[in-house]
Amino acid sequence: MFWRDRERENNDQNGGPPCGQVRVLIVGDSGVGKTSLVHLIIKSSSIARPPQTIGCTVGVKHITYGNSGSSSSSIKGDSERDFFIELWDVSGHERYKDCRSLFYSQINGVIFVHDLSQRRTKTSLQKWASEIAATGTFSAPLSSGGPGGLPVPYIVVSNKADVAAKEGTRGSSGNLVDAARHWVEKQGLLPSSEEIPLTESFPGSGGLIAAAKEARYDKEAVVRFFRMLIRRRYFSDELPAPSPWSASPVQRSVQRLDENISDEDPFYKATSLAGDSYKYNMLPPLPAQRNLTPPPTLYPQQPVSVRESYGIPRFPLSGSQEISNTARSKRMDINV
Ligand SMILES: Nc1nc2c(ncn2[C@@H]2O[C@H](COP(=O)(O)OP(=O)(O)OP(=O)(O)O)[C@@H](O)[C@H]2O)c(=O)[nH]1
């Protein structure tokens with residue numbers, strides 16, 4: 001009842017639905033820690049033994065976004081809106097290579113994940129980018145493509161920072177192939193085009209560092225990425241000009257996950273509502289938290305870039321509510 005009232009109110013005020021959703025693919029080689037990372041983002045805790053993903057698993061993160069009119073208030077202002085970030089965790093297993101493009105549909109953004117202790121998982125991100133660019137469809141695409149022609153914003157998460165730290169290296173696992181690659185790289189023989197250009201990726205050089213097993217990651221940067229995707233899809237009539245990879249510079253650090261974000265930024269508040277995502281019945285049904293076995297298809301998806309093909313509502317923002325103004329500084333570096 002309350003929800004309906006609020007929905008009506010928001011509709012009356014802004015002439016659009018009170019919520020929206022953006023779709024983010026999580027990709028990378030098998031075992032790099034995608035499922036662990038998604039669990040971390042949604043539940044704010046690590047997962048002891050993540051099951052191997054079959055096909056694709058979808059998780060949903062809830063974010064409120066808008067102008068609350070007051071800072072760090074726990075009560076949502078009238079003009080705050082609910083957004084659902086769909087996190088499509090695509091299995092990295094070779095078994096699904098030929099059919100995983102089924103899941104590359106209406107993508108708003110991509111999170112690439114690699115394992116810092118396995119060098120080859122980083123170089124293969126370029127292949128992932130090309131595959132998605134060639135076979136996916138995109139919502140609110142960029143005017144110019146990124147790595148492999150990928151036409152949506154992305155971030156690169158360098159996971160297993162704990163393993164790399166223990167090994168004392170970033171980039172070699174002791175595995176022969178990795179060691180050889182590492183050596184070749186050191187000699188300057190490896191063409192840089194083999195890798196996703198981290199320097200151009202959000203939020204700056206090196207990508208985001210995470211140690212999903214220790215429940216540590218750069219939460220602020222990830223939430224900021226989600227907010228950028230929301231802004232691009234729902235609040236911007238003019239899609240940003242080329243090179244929006246660098247949405248805004250972010251210093252790298254990790255943040256305690258159970259830390260209450262004291263929201264100095266009045267324009268958003270991020271919370272996880274694991275398990276609550278569907279009770280509002282505001283979204284098309286999703287296979288949330290459920291493994292999907294990809295059905296066989298005779299008709300592979302054609303690469304299509306769809307510009308706002310679903311008549312996405314645009315939400316008005318007044319000048320003072322410029323959401324791109326996101327400078328926030330408070331961070332902590334604590335293990336959970
Ligand atoms: N040490 C360490 N282990 C991690 C970390 N993140 C994930 N793992 C472990 O790595 C293994 C694989 O993690 P997953 O999250 O299942 O990897 P995935 O990328 O989803 O794998 P697929 O489902 O095969 O695509 C699990 O045993 C995790 O516990 C981390 O930050 N540090």
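Counting starts at 1 for both ligands and their atoms, following the listed order.
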Stepwise ring pair (Phe, Tyr, Trp, His ring centres under 6.0 Å) check, Phe225 with Tyr154: CA-CA 8 Å; Phe225 176 63; Tyr154 69 92; 8.3 Å; no
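Taking the six-membered ring for Trp, His62 and Phe83 have ring centres at least 6.0 Å apart.
The pair Glu131-Lys127 does not count as a salt bridge, with every side-chain nitrogen at least 4.0 angstrom from each carboxylate oxygen. Electrostatic pairing of Lys34 and Asp89 does not count as a salt bridge here, judged by no charged N lying under 4.0 Å from a carboxylate O.
Considering only heavy atoms from C-beta on, Ile85 comes within 4.5 Å of Ile230 through its side chain. Contact check for Phe226 versus Ile41: side-chain heavy atoms found under the 4.5 Å cut-off.
Protein residues lining ligand 1, listed by chain and number: Asp29, Ser30, Gly31, Val32, Gly33, Lys34, Thr35, Ser36, Ala48, Pro50, Gln52, Thr53, Ser91, Gly92, Asn159, Lys160, Asp162, Val163, Ala211, Ala212, Lys213 [non-hydrogen atoms, distance under 4.0 Å].
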